[in-house]
Amino acid sequence: MAIGSSAFRGIYCGSRVFLVSCSAAGSSAEGGGGGGNGGVVRVNGAAHRAPLQVGAALETSINRSLAELSAPVLLPTVHRTEEVEEEQRSSRQNIPTEKQVVDPFRQALIVEGGVRYQQTLVVRSYEVGPDKTATLETVLNLLQETALNHVWMSGLLGDGFGATHGMIKNNLIWVVSRMHVQVEQYPIWGEVLDIDTWVGSSGKNGMRRDWLIRGRNSGDVFVRATSTWVMMNKVTRRLSKMPEEVRGEIEPWFIDRHAIQEDATEKIIKLDGNAKYVDSDLKPKRSDLDMNHHVNNVKYVKWMIETLPDHFLHQHQLSSIILEYRKECGSSDIVQSICQPDEGSVPPEGNVSMAIGPSLSPEIISGHHSLSGALHQWPMKYTHLLQLKAGDKYEEI
């Protein structure tokens, strides 16, 4: 590099590019950089006075400057009490304390006499698979998210995972005990959806929640779902009766309507250790846990579907799934997943195979799903069972 002229050199540091401008004036080639005025090194537009250097020495000086600029800034540790942290978290969340009928940020409304929730969503790129179609995991996450948003707008939400103020006072959380989802058509990337959800009574101590997912443009129903929820004491981790205080909070929101008409609850086939497909030593990851400190139910379904081989999933789409949850599963549990094709559901050709792989995990208990073939129109059904390892034995979850 000639002294007395300007030059640019790009220095790549990870994914960042630094343009470094080096200039000097009034120095001769014979000066060797020893001019009395010194040089100006510009790093990302900032001027740094330094003796002018050439060659490797200049690059060393620049690298030192870049290291100083890239060094992490360590902030002093601030110790806050739980009360202060909770207050700050609440101010950031801005949870309504009174019923809201419009949520402009979520494009949501409370309709039908102020009790049914309706939200408009767009299927995003990270919610679809290779075929640009929403995955079952995406569908279940949308159901869960709209349910929580419904409680949010009701003005009943405390600091829990959909828990009301009365539930928080009694150390209670919601857990799903049963879910039935029917998929008539999977949404695609960029499609606008209208999701409706509402709640109703389910026995003395439970609550039912239903959903309908429609395409905004066509009005067609894509997904129907119904579920049953019960309360668990978050300290003892045991199921609890519904306190009258909580019943008084949620009963005004009940609607006597069903997204899926279930005349008789379909029973899931019992499986034992002699099932055809077994996958042992499944371990939940930290990322699988939700705010209730156990594995989220959506994770179970994802692992269950992954039991099936890729070529099978390329030719079929899951059209119906019934899940029963009987026990929660935590991060330290070890799970065994067993699976068995239902009798009479395998195509006569007998050319459909299953691969043993990571399947369900945690708290899901039993899973029963049917897949309608895209190439073979024969409805195939499989039953899954998850078990927790307890010593030398496995206990059904």
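Heavy-atom basis, side chains included; hydrogens, waters and symmetry copies ignored. This structure is a prediction, so every number in the text was calculated from the model and none was measured.
To the nearest 0.5 angstrom, Met179 atom CE is 10.0 Å from Ile260 atom CD1. We find the NE2-CG distance between His294 and Asp288 to be 12.0 Å, quoted to the nearest 0.5 Å. Between Gln185 atom CD and Asp220 atom CG the span is 6.5 Å, to the nearest 0.5 Å. Atoms CG and OG1, from Leu148 and Thr197 in turn, are 10.0 Å apart once rounded to the nearest 0.5 Å. If you take CH2 on Trp152 and OH on Tyr117, they are separated by 10.5 Å, rounding to the nearest 0.5 Å. The OG atom of Ser177 sits 8.5 Å away from the CD atom of Glu324 when rounded to the nearest 0.5 Å.
Look at Glu191 and Arg124 and you find no salt bridge, because none of the NZ, NE, NH1 or NH2 atoms lies under 4.0 Å from a carboxylate O. Checked for salt-bridge contact, Arg216 and Asp194 meet the test: a charged N lies under 4.0 Å from a carboxylate O. In summary, Glu112 and Arg257 engage in a salt bridge, as defined by a charged side-chain N under 4.0 Å from a carboxylate O. One finds no salt bridge joining Asp210 and Arg224 here, because no Lys/Arg side-chain nitrogen approaches an Asp/Glu carboxylate oxygen to under 4.0 Å.
With Val246 as reference, Met231 is the one residue of His165, Met207, Met231 to meet the side chain to side chain contact (heavy atoms under 4.5 Å, CB included) rule.
Contact annotation: the side chain of Ile188 never approaches that of Lys132 to less than 4.5 Å [non-hydrogen atoms, C-beta and beyond]. For the pair His180 and Ser320, the minimum side-chain heavy-atom distance is below 4.5 Å. In this structure, Ser154 and Ile110 have side chains that are not in contact, with every pair of non-hydrogen atoms separated by 4.5 Å or more. Contact annotation: the side chain of Arg214 never approaches that of Ile195 to less than 4.5 Å [non-hydrogen atoms, C-beta and beyond]. Leu193 has its side chain within reach of Phe222: a pair of non-hydrogen atoms, C-beta onward, lies under 4.5 Å apart.
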Worked verdict on Val181 versus Val223 for side-chain contact (heavy atoms from CB on, under 4.5 Å): CA-CA 7 Å; Val181 181; Val223 179; 3.9 Å; yes

Arg208 vs His258, side-chain contact (heavy atoms from CB on, under 4.5 Å): CA-CA, chis, key distance, verdict: CA-CA 9 Å; Arg208 192 193 74 252; His258 299 262; 3.5 Å; yes

Intermediate values then yes/no, salt bridge (charged side-chain N to carboxylate O under 4.0 Å, His left out), Glu262 and Arg178: CA-CA 13 Å; Glu262 296 181 306; Arg178 189 176 190 274; 3.2 Å; yes

side-chain contact (heavy atoms from CB on, under 4.5 Å) between Val183 and Ser319, intermediate numbers included: CA-CA 5 Å; Val183 182; Ser319 61; 5.5 Å; no

Chi angles and distances behind the side-chain contact (heavy atoms from CB on, under 4.5 Å) call for His293, Ser331: CA-CA 8 Å; His293 303 286; Ser331 59; over 6 Å; no

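Asp103 contributes a side-chain N or O that, together with a main-chain N or O of Phe105, makes up a donor-acceptor pair within less than 3.5 Å. Under a 3.5 Å cut-off, the side chain of Asn171 and the backbone N or O of Met167 do not form any donor-acceptor pair. Judged by distance alone, the side chain of Glu137 and the main-chain N or O of Val301 form no donor-acceptor pair under 3.5 Å. One N or O on the side chain of Thr146 and one on the backbone of Leu142 form a donor-acceptor pair closer than 3.5 Å. In this structure, Asp333 contributes its side chain and Gly330 its backbone to a donor-acceptor pair below 3.5 Å. A donor-acceptor pair is defined here as one N or O able to donate and one able to accept, closer than 3.5 Å; no such pair exists between the side chain of Lys299 and the backbone of Leu289. No donor-acceptor pair closer than 3.5 Å links the side chain of Thr164 to the backbone N or O of Leu157.
Atom NZ of Lys99 has more than 12 heavy atoms from other residues, nucleotides or ligands within 6.0 Å. Around the CH2 atom of Trp229, the shell of radius 6.0 Å holds more than 12 heavy atoms that belong to other residues, nucleotides or ligands.
No side-chain donor from either of Asn141 and Glu127 sits under 3.5 Å from a side-chain acceptor of the other. Side-chain contact, Gln119 with Asn149: a donor N or O sits under 3.5 Å from an acceptor N or O.
No path of Ile, Leu, Val, Met, Phe, Trp and Tyr side chains, each step under 4.5 Å between heavy atoms, connects Val235 with Ile173, placing them in separate hydrophobic clusters. No chain of hydrophobic side-chain contacts below 4.5 Å, direct or via other Ile, Leu, Val, Met, Phe, Trp or Tyr residues, connects Tyr126 to Val128.
When every heavy atom of Ala259 is checked against every heavy atom of Trp198, the shortest pair comes out as N-CZ2, 4.0 Å. Closest approach of Ala225 to Leu143, counting heavy atoms only: CB-CD1, 3.8 Å. Residues Val123 and Pro187 come closest through the heavy atom pair CG2-CB, 3.8 Å. When every heavy atom of Pro284 is checked against every heavy atom of Val295, the shortest pair comes out as CB-CG2, 3.7 Å. Here the closest non-hydrogen pair linking Asn205 and Met242 is OD1-N, 3.0 Å. For Arg116 against Ile255, the heavy-atom pair with the smallest separation is CB-CD1, 4.0 Å.
Less than 6.0 angstrom separates the ring centroid of Trp253 from the ring centroid of His150.
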